[in-house]
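The block underneath contains the structure these notes are about, expressed in structure tokens.
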Protein chains: 2
Amino acid sequence: MKMEKNGNSIVVDSNTLSYNDRVIFDWSVDPVAFIGRGEEEVEMYRGNFKIEDYLITRIPLDKVDYTEADDQIKLSLSCGDSKAALVIIAKFDDLGRLVLALEGDDKSYNRLWLRLAANSDEKVYGCGEQLSHFNLRGKHFPLWSSEPGVGRNKETLTTFWADVKDKAGGNYYTTNYPEATFVSTEKYYCHTNSYAYADFDFRNDHFHELQYWEIPDSLVFETAPTYKKLIEKLTGLLGRQPQLPEWSDNGFLLGIQGGTDYVYNTGKKLIDKGVKLAGFWCQDWEGIRMTSFGKRLFWNWEWNGELYPELDKKIHEWKENENLRFMTYINPYVAIDAKMYPEADAKGYFAKNKDGGTYQVDFGEFNCGVVDFTNPEAFDWFKNVIKTELIDFGCDGWMADFGEYLPTDVVLHDGTDPMVAHNKWPMLWAKCNYDAVQESGKWGEIVYFMRAGATGSQKYCPLIWAGDQSVNWSLDDGLASTIPAALSVGMSGCGLSHSDIGGYTSLHGNIRTKELFMRWAEMGAFLPFMRSHEGNRPAENFQVFDDDEAIDHLAICTNVFTDLTDYRRAIVKENSEKGTPVQRPLFMEYEDDQHAYDIQYQYLFGPDVMVAPVHEEGKSEWDVYLPEDTWVHLWTGKEFKGGNYTVASPIGQTPVFYRKGSEYAELFESITSKYK
Amino acid sequence: MKMEKNGNSIVVDSNTLSYNDRVIFDWSVDPVAFIGRGEEEVEMYRGNFKIEDYLITRIPLDKVDYTEADDQIKLSLSCGDSKAALVIIAKFDDLGRLVLALEGDDKSYNRLWLRLAANSDEKVYGCGEQLSHFNLRGKHFPLWSSEPGVGRNKETLTTFWADVKDKAGGNYYTTNYPEATFVSTEKYYCHTNSYAYADFDFRNDHFHELQYWEIPDSLVFETAPTYKKLIEKLTGLLGRQPQLPEWSDNGFLLGIQGGTDYVYNTGKKLIDKGVKLAGFWCQDWEGIRMTSFGKRLFWNWEWNGELYPELDKKIHEWKENENLRFMTYINPYVAIDAKMYPEADAKGYFAKNKDGGTYQVDFGEFNCGVVDFTNPEAFDWFKNVIKTELIDFGCDGWMADFGEYLPTDVVLHDGTDPMVAHNKWPMLWAKCNYDAVQESGKWGEIVYFMRAGATGSQKYCPLIWAGDQSVNWSLDDGLASTIPAALSVGMSGCGLSHSDIGGYTSLHGNIRTKELFMRWAEMGAFLPFMRSHEGNRPAENFQVFDDDEAIDHLAICTNVFTDLTDYRRAIVKENSEKGTPVQRPLFMEYEDDQHAYDIQYQYLFGPDVMVAPVHEEGKSEWDVYLPEDTWVHLWTGKEFKGGNYTVASPIGQTPVFYRKGSEYAELFESITSKYK
């Protein structure tokens, strides 16, 4: 049987269900669904999760019946003679998307595995932000919001020590931003309407096995002739990030802490030495506390006038007189020793424990309440904290940190199972910020950035940041990891991302070097947003403002960044209009280049600029791959055809090329002529 | 319905199957069996296995029908309406044991899970040799023969480096000798007639879940009023180890290498300084090769006259003139550059690869053929190698090493699936040695010892050794680990075990110290067999024969060992007659003492001697637990009642106590009077 709508087709025959000529389910040999029951054990330690499933049953639904009625095809899946354990309704939505609505009869089943037809050459991208693998084929990916991990590779000593000391080593799949959404090289996307724990297994030649710890509401599919069109459709479904405020084009956001005068004077010093400064990003506006991890913030979400005297006046003076913006920091937890805690606690704004008391989460030597976003009053209260303490105070942006720590034994106001609320939390947290900005009428002026994400981040989070990299050169947790992170989150519909220039986590012997900072800053010039971080232990790690040579180098990087403004604005606009990511995988522009599909440590910055960041120490040359085209090396003006090249890459000149045929070629040439 | 035989009963009602009043199956709430299909991936690297199962189905057999006929009760287990997927025939064997014979209809099922009823207080012991946990409750235990691992604890650096460099770190369950046999504190044993991969899960309060990667032939149960009686019954089923040859009571077996004169002269030096020497154990009688792991043996199973000139004469002279025995070494692999390889290969005695060629196994920088014990001609050939090259040559014993490396992609002569043959291999290797000694009529004169084991080792392996400990103090892989190893293998029916005095593996920074050797030797005096090992890197590690103080210390230990001969002979005899292990858990003699069930780093040496080996560095006192009784401290004669004590434990005096009421009290007193 066949249904058609707006040029789309759903066909079901005795063995398969197809959508626009892609086979989605094929039950000719093996079942396409398994249903069962599991009992999970979840341990959280400071945002790091140990999750084990004791699988009780996994029943193959190998009998498929189908009937057509009312513009939908109903597949009834069962095991042998018993009644249907799962019903899949295949239908079009109003735009002709394929919707597979799922219904499970028996509530005792809490596990579902669906097998989507695949072929052995197919590649798969997305699943939110993935830091170790861009092409997801060959691995399985548990989808669960968590700390990303320190090291993220069980074969490194950093990971070993992080595991042993803090249960914090992570793994290739640990991420702040998982999402049950992917794009296949069969030119379809598959999005699941579910926030439950999931594990997408792309290891098999002939199927993708999608595991869910619930029976999801539905899966949605669309197809398109190109990846750009596909992402446009995906972001049509999930939402698109707005454009960045124009002031972010002014240059570098200096991540710095320490008080009004110190911050300002340091910024002035940079400006005086030629750095294009857009403003300050000061986490510690609300005060600090010391822990063994390093200097930590106080987590009381209002201006600390002792540490930042006169900030209430300066924030306006700096903006008006010097066009310098002030960004700050907030997260959705409140320290139990914070000023705002008692009243909020009394009003029941924090999530509860099973005994009815306030659930306290350990964030590393201090405890916090969890703002319960499922309680509309709590949501509004915290939204108003953002509006009054941040927006009305004059902040032009902030890091909206965390969101991944919702414990799974918490009791929520609306009764949601925390196993389902957990992955949704980053979306609720994003929406709280979004509503605050929206209600303040400040889009176009304000930007906040988040590491945690979920379905909905596309709409509610205007800027992703890649989380807390280690201050090292490791592939899984250093500078390099931010590239697959941006590419995968871009394939998931969030095309604006960036990272802490210099990295963040200095633990277990990792200390940021000057070279690491400089290489990261070089890449930063080719990101949509250019911001540094002092790291978790500022005093022990390299800081740019302490080093004249590094300031000179940063000055150049920030000048390149501002020189690129017209081009960057165009690609940022394209992202806001069509979802086309600012950092793109090579294959998005060169679909016929098979090699392009396997590259995860280079990216296209918009359609015309190829960036191959140097992500190893002590390199003066670097291997790059160029798809078939005419490329101009940005730092020398030398032309290249497609192919593999080893190019000079002294400090200051991470390999960057532009397409000779770009409509912005003149802009790029002007940069070349400045620096060659 | 109820059946009875020899005082035993099988009762089946609508919810349960019971045997001698123990509920074995209880299907009142949850299924007692699940059947399914999995696809395993097995990677072997030098005896270390990475095994992952992709579980396709796990179907609950929640419908149970039962019928009685012909002295058996037939349980038909099915899922819903379909026909029985599993039939369990409950019956008595001729001795009144409960036999549960299993029959699966559908050959596509290759996974079975059985849930035996359990209670939350119950404890479980056995499963072959387990080095990290004696009481198995609270963990699951994959049962698969492998290298035991270097470090065996993912939180240690030794394990980390062993994993990263050699995939060899192991885990708490990795063992040379797994067995699908356990003893419950409900005073039953459960033995499964299966060599397939299994995973016994003792984590649940109300059931033990036994997973098998086949449908096993049968499970066998017996009950008894005491643990001794239970082990007597278990060894009645599985076989018992013979007594040790009397010459092993003569003292210490010096593990040494280096050639005829060097070996002899070193032994003489020890004898001259008061060491009671029973003989030499020389691995390198067949020559050596150097690898990065250290000095390795050549693996050509005949005397190397270059390294051991005149050994053919000396071996007899030493025995006749000085009562010094010569033990040597063999394993069931043949190096491809060995003299005996070409002919054996030409005759097809080695296991094949899928292309029909000889399968070569990498043992660490050299390759070997695997003697195919499923080929009767190959079995006989290798048995005759043992008979002619070892026994006829005059050896009085040997290490029968390895047995765990059968690759799972090998092609065997009799067509057995290597996934099933793998765990059986150690038994076949043991039997090859057994038959050689048996046919030579040499029981009582010869002893060989093995680390690899399987069901059948009880009969075919006269002496276990605990494998390759690291030369350190770690609980999971050092001196301490040999105690739960001996206790668990004893509960599995092998009551004669011992370990390399001084440990073996010196890798990743572990170097044997004098103190470690001395502490190990102190324990060695209270083992059935007292033997040292030079280790894998003799030159870098402490060797007793290089140190006068250590020789003096060893002299005392060996004198204690020989002083204990009458007592030791009695308990070794008891093991051969009833299977009562020589090293016993405390609860075996003190069943009412609940604390005794949790002690795994002390043991009873026979009924009357409590040994609490010092297994940490730099200790001059040690905590011991004594069950309610009157105990005499062996080194001082001081009396103790039951309780916890901290006792002095200077070097030379690892805490040992004897029961004042022992019939060997006089013997023990004589030792006390010598050393106090």
Side-chain angles (χ1 to χ4, degrees), chain A residues 29-39 41 50 52-63 78-85 106 108-109 111 113 115 138-140 151 153-167 169 199 201-207 209 211 508, chain B residues 29-39 41 50 52-63 78-85 106 108-109 111 113 115 138-140 151 153-167 169 199 201-207 209 211 508:
Chain A
V29 177
D30 288 316
V32 295
F34 299 79
I35 203 161
R37 193 156 69 86
E39 281 171 7
E41 256 189 70
K50 185 178 164 201
E52 289 191 1
D53 196 24
Y54 169 58
L55 186 60
I56 302 170
T57 56
R58 182 177 147 119
I59 299 165
L61 302 181
D62 43 17
K63 189 152 176 287
S78 64
C79 163
D81 310 324
S82 48
K83 64 180 177 161
D106 183 339
S108 76
Y109 293 125
R111 300 287 182 269
W113 298 259
R115 285 185 177 178
K139 297 256 172 201
H140 72 109
N153 180 330
K154 299 302 183 197
E155 302 220 328
T156 68
L157 268 177
T158 298
T159 308
F160 172 77
W161 287 119
D163 276 336
V164 169
K165 294 185 175 177
D166 305 313
K167 305 181 181 185
D199 191 340
D201 188 343
F202 299 110
R203 287 177 293 189
N204 294 284
D205 270 359
H206 300 301
F207 55 84
E209 188 167 282
Q211 178 184 174
H508 318 304
Chain B
V29 177
D30 287 315
V32 294
F34 300 79
I35 203 161
R37 194 156 69 86
E39 282 172 5
E41 256 189 67
K50 185 177 163 202
E52 289 190 359
D53 196 25
Y54 169 57
L55 186 60
I56 301 170
T57 57
R58 182 178 147 118
I59 299 165
L61 303 181
D62 42 18
K63 190 153 175 286
S78 64
C79 163
D81 309 325
S82 47
K83 64 181 176 155
D106 184 338
S108 76
Y109 294 126
R111 300 287 182 268
W113 299 260
R115 284 184 177 179
K139 297 256 172 199
H140 72 110
N153 180 330
K154 299 301 184 197
E155 302 220 329
T156 67
L157 269 177
T158 297
T159 309
F160 173 78
W161 286 121
D163 275 337
V164 169
K165 294 185 175 176
D166 304 313
K167 305 181 182 183
D199 190 340
D201 188 343
F202 300 110
R203 287 176 294 188
N204 293 284
D205 270 358
H206 300 301
F207 55 84
E209 188 167 285
Q211 179 184 172
H508 316 305

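Chain letters run A, B, ... following the sequence lines, proteins first and then strands; every chain starts at 1. What you see below is based on every heavy atom in this structure, not just the backbone, and it leaves out hydrogens, waters and symmetry mates.
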> When you look at NZ of B:K154, are more than 12 heavy atoms from neighbouring residues, nucleotides or ligands closer to it than 6.0 Å?
Replying inline: yes
> Nearest 0.5 Å, what's the OG1-CH2 distance between A:T57 and B:W113?
Replying inline: 10.5 Å
>> Do B:H140 and A:Y54 make a side-chain contact, defined as non-hydrogen atoms from C-beta onward lying under 4.5 Å apart?
In response: no
> Of all of A:N204, A:D163, A:L157, A:T156, which one pairs up most often with chain B through heavy atoms under 4.5 Å apart?
Replying inline: A:L157
>> Once ring pair (Phe, Tyr, Trp, His ring centres under 6.0 Å) is applied, do any residues pair with B:F202, and if so which ones, sequence neighbours excluded?
In response: B:F182, B:H208
>> Is B:W161 close to chain A through its backbone or its side chain, or both, or neither, when contacts mean heavy atoms under 4.5 Å?
In response: side chain
> Among all residues two or more places apart in sequence or in another chain, which pass the salt bridge (Lys or Arg N to Asp or Glu O under 4.0 Å) test with A:R111?
Replying inline: A:E40, A:D53
> Atom CD of B:E209 and atom CD1 of A:I56: how far apart are they, to the nearest 0.5 Å?
Replying inline: 8.5 Å
> Out of B:R37, B:R203, B:E155, which one racks up the most heavy-atom pairs below 4.5 Å with chain A?
Replying inline: B:E155
